[in-house]
**Q** 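The structure's right below; bear with me while I get my questions together.
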Amino acid sequence: MKKYPYVFLGVFISILVLLIIHFISINIKMNRVINVKEMDESYSKKIVEIESDIEKIKDDECKNSLKYMSDRIKVTIPDKGVTLKDYYHRYYGYDNNRNDDDGETFLFFYSKVADNCNINNDSIYNKALESMVFPYEIKNRYLGTYQISISDLFILKDEIDKSDELGSYSNKMLELEVLSKLVEEVKK
């Protein structure tokens, strides 16, 4: 009979230790550095070229929505050494210090441009959807940090790094392609 309090104390201490380890692992997972590919000078030149084309548009609403999209693309370019938490907050607008995009995705800006510029092109919309694959993967990883799970970040590190590099690069290139095609569509 006297052993039961010790058993309950042991169970309580075990659960407490597991919860402490879980809270530490949340911090480690959120602050894991994402391996991103840095954008080269041709990317910057292409944005400047597209922005000069945007300035030539006469419709102010359309021009402003394209400018917002261009600004959004530039602000969300990830830097080397960006953490999962920083990428998530930057991409989903929580760190951009702008009132018009808190929590909004690239599709929000696409829909603004499509509405303001009267564009209805399914191929451009499909490219915008394709650009959202990596950010949604990062969102799932970020929100999943709170789940109690055992993940193997050491053995799969190389594969995760390759996936992150490819995803970050293709995301930005697809966003730039969408912006470029929207500008071309407005010029028609």
**Q** If I take atom CG from residue Asp86 and atom CG from residue Asp79, how far apart are they, to the nearest 0.5 angstrom?
**A**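 That separation rounds to 9.5 Å.
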
**Q** Test the Lys139-Tyr92 pair against the cation-pi criterion, namely NZ or CZ under 6.0 angstrom from the six-membered ring centroid and within 45° of the ring axis.
**A**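 Output yes; distance and angle both within limits.
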
**Q** Ignoring hydrogens and geometry, is there a side-chain-to-backbone donor-acceptor pair from Ser168 to Lys37 under 3.5 Å?
**A**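 Yes, because the side chain of Ser168 sits within donor-acceptor range (under 3.5 Å) of the backbone of Lys37.
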
**Q** So, do Phe8 and Phe12 have ring centers that fall under 6.0 Å from each other?
**A**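 That pair fails the under 6.0 Å test.
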
**Q** Main chain of Gly167, side chain of Asn171: is a donor-acceptor contact present, judged purely on distance under 3.5 Å?
**A**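 Flag not set: sc Asn171 to bb Gly167 has no pair under 3.5 Å.
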
**Q** To the nearest 0.5 Å, how far apart are CG in Asn64 and CE in Met69?
**A**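 Taking CG in Asn64 and CE in Met69, the distance rounds to 13.5 Å.
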
**Q** As an exercise, state the distance from OG of Ser65 to CG of Asn116, rounded to the nearest 0.5 Å.
**A**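 Result: 4.5 Å between the selected atoms.
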
**Q** When you group the ILVMFWY residues by side-chain heavy-atom contacts below 4.5 Å and let the links chain together, are Phe109 and Tyr136 in the same group?
**A**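 Same cluster: Tyr136 reaches Phe109 through Ile, Leu, Val, Met, Phe, Trp or Tyr contacts under 4.5 Å.
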
**Q** Measuring centre to centre across the rings, with the benzene-like ring taken for any Trp, is His89 within less than 6.0 Å of Tyr142?
**A**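 Yes, close enough.
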
**Q** Could you tell me whether Asp122 and Lys127 make a salt bridge, using a distance below 4.0 angstrom between a side-chain N and a carboxylate O?
**A**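 Here Asp122 does not pair with Lys127 in a salt bridge, since their nearest N and O are not under 4.0 Å apart.
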
**Q** Answer yes if Leu9 and Val17 sit in the same cluster of Ile, Leu, Val, Met, Phe, Trp and Tyr residues linked by side chain heavy atoms under 4.5 Å apart, and no otherwise.
**A**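 Per the 4.5 Å side-chain linkage, Leu9 and Val17 are co-clustered.
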
**Q** If you measure from OG on Ser25 to CG on Leu18, what distance do you get to the nearest 0.5 Å?
**A**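 Atom-to-atom, Ser25:OG and Leu18:CG are 10.5 Å apart.
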
**Q** Picking from Lys29, Arg32, Met30, what satisfies side chain to side chain contact (heavy atoms under 4.5 Å, CB included) with Arg141?
**A**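 By the side chain to side chain contact (heavy atoms under 4.5 Å, CB included) criterion, Arg141 pairs with just one of Lys29, Arg32, Met30: Arg32.
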
**Q** Mark yes when over 12 heavy atoms from residues, nucleotides or ligands other than Glu41 sit less than 6.0 Å from its CD; otherwise mark no.
**A**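 No, the 6.0 Å shell around CD holds no more than 12 heavy atoms from other groups.
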
**Q** Do Leu179 and Ser70 have side chains that get closer than 4.5 Å, going by heavy atoms?
**A**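 They are in contact (side-chain heavy atoms under 4.5 Å apart), so the answer is yes.
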
**Q** From Ile119 CD1 over to Cys62 SG, what is the distance, rounded to the nearest 0.5 angstrom?
**A**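 Nearest 0.5 Å value for the CD1-SG distance: 6.0 Å.
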
**Q** What are the two closest heavy atoms between Glu185 and Ile124, and how far apart are they?
**A**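 Heavy atoms only, the tightest pair is OE1-CD1, 4.2 Å.
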
**Q** Are Met173 and Ile50 linked, directly or through other ILVMFWY residues, by side chains that come within less than 4.5 angstrom of each other?
**A**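 The answer is yes; both residues are in one hydrophobic cluster.
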
**Q** Any side-chain heavy-atom pair from Tyr88 and Leu143 closer than 4.5 angstrom?
**A**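 In contact.
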
**Q** Got a donor-acceptor contact below 3.5 angstrom from the Ser180 side chain to the Leu176 backbone?
**A**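 No; judged by distance alone, with no hydrogens or angles, the pair does not exist.
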
**Q** Taking the six-membered ring for Trp and the single ring otherwise, decide whether the centroids of Tyr125 and Tyr110 are under 6.0 Å apart.
**A**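 Centroid distance Tyr125-Tyr110: below 6.0 Å, so yes.
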
**Q** According to side-chain hydrogen bond (donor to acceptor under 3.5 Å, both in side chains), who are the partners of Asn35, at least two apart in sequence or on a separate chain?
**A**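 side-chain hydrogen bond (donor to acceptor under 3.5 Å, both in side chains) list for Asn35, sorted by chain: Glu165.
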
**Q** Out of Ile21, Asn27, Ile28, which residue meets the side chain to side chain contact (heavy atoms under 4.5 Å, CB included) rule with Ile24?
**A**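 By the side chain to side chain contact (heavy atoms under 4.5 Å, CB included) criterion, Ile24 pairs with just one of Ile21, Asn27, Ile28: Ile28.
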
**Q** I want to check something: taking the side chain as every heavy atom from C-beta on, are Tyr91 and Ile138 in contact at a cut-off of under 4.5 Å?
**A**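 A side-chain contact is absent here, since even the closest heavy-atom pair is not under 4.5 Å.
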
**Q** How many angstroms lie between atom CD of Glu137 and atom OG of Ser163, to the nearest 0.5 angstrom?
**A**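 Rounded to the nearest 0.5 Å, the CD-OG separation comes to 6.5 Å.
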
**Q** Hydrophobic cluster membership, with links at side-chain heavy-atom distances under 4.5 Å among I/L/V/M/F/W/Y: are Tyr146 and Ile15 in one?
**A**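 Both belong to a single hydrophobic cluster.
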
**Q** Can you check whether Glu175 reaches Thr76 side chain to side chain, under 4.5 Å on heavy atoms?
**A**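 In contact.
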
**Q** In terms of heavy-atom contacts, does NZ of Lys45 have more than 12 from other residues, nucleotides or ligands at under 6.0 Å?
**A**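 Counting other residues, nucleotides and ligands, NZ of Lys45 stays at 12 neighbours or fewer.
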
**Q** Quick one: list whatever passes ring pair (Phe, Tyr, Trp, His ring centres under 6.0 Å) with Phe134, sequence neighbours left out.
**A**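 So Phe134 forms a ring pair (Phe, Tyr, Trp, His ring centres under 6.0 Å) with Tyr87.
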
**Q** Give the cluster check for Tyr169 versus Leu129: same hydrophobic cluster or not, with ILVMFWY residues linked at side-chain heavy-atom distances below 4.5 Å.
**A**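 Both belong to a single hydrophobic cluster.
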
**Q** Applying side-chain hydrogen bond (donor to acceptor under 3.5 Å, both in side chains), name anything that partners Asp53, two or more places apart in sequence or on another chain.
**A**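 Checked Asp53 against side-chain hydrogen bond (donor to acceptor under 3.5 Å, both in side chains); matches are Lys187.
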
**Q** What are the two closest non-hydrogen atoms of Thr145 and Ile26, and how far apart are they?
**A**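 Thr145 and Ile26 have their closest heavy atoms at O-CG1, 3.3 Å.
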
**Q** For residues Glu55 and Lys67, report the shortest heavy-atom separation together with the two atoms involved.
**A**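 Looking at all heavy atoms of both residues, the shortest contact is OE2-CE, 2.7 Å.
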
**Q** Does some side-chain heavy atom of Met39 sit less than 4.5 Å from a side-chain heavy atom of Lys74?
**A**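 The answer is no, as the side chains (C-beta and beyond) never meet within the 4.5 Å cut-off.
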
**Q** For Val82, is there any backbone N or O sitting under 3.5 Å from a side-chain donor or acceptor partner on Arg90?
**A**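 No; zero donor-acceptor contacts below 3.5 Å.
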
**Q** Are Lys46 and Glu177 close enough for a salt bridge, meaning some N to O gap below 4.0 Å?
**A**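 Result for this pair is no, no salt bridge flagged.
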
**Q** Hey, does Leu66 have a side-chain heavy atom less than 4.5 Å from the side chain of Leu182?
**A**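 Yes, side chains in contact.
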
**Q** Quick one: are Lys112 and Phe108 in side-chain contact, heavy atoms under 4.5 Å?
**A**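 In contact.
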
**Q** What I'd like to find out is whether the side chain of Ile34 reaches to under 4.5 Å of the side chain of Thr83, using heavy atoms alone.
**A**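 Contact flag for Ile34/Thr83 side chains = no.
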
**Q** In terms of heavy-atom contacts, does CG of Asn140 have more than 12 from other residues, nucleotides or ligands at under 6.0 Å?
**A**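 Above 12, so yes.
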
**Q** State whether the number of non-hydrogen atoms from other residues, nucleotides or ligands found under 6.0 Å of Tyr43 atom OH is greater than 12.
**A**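 Counting other residues, nucleotides and ligands, OH of Tyr43 exceeds 12 neighbours.
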
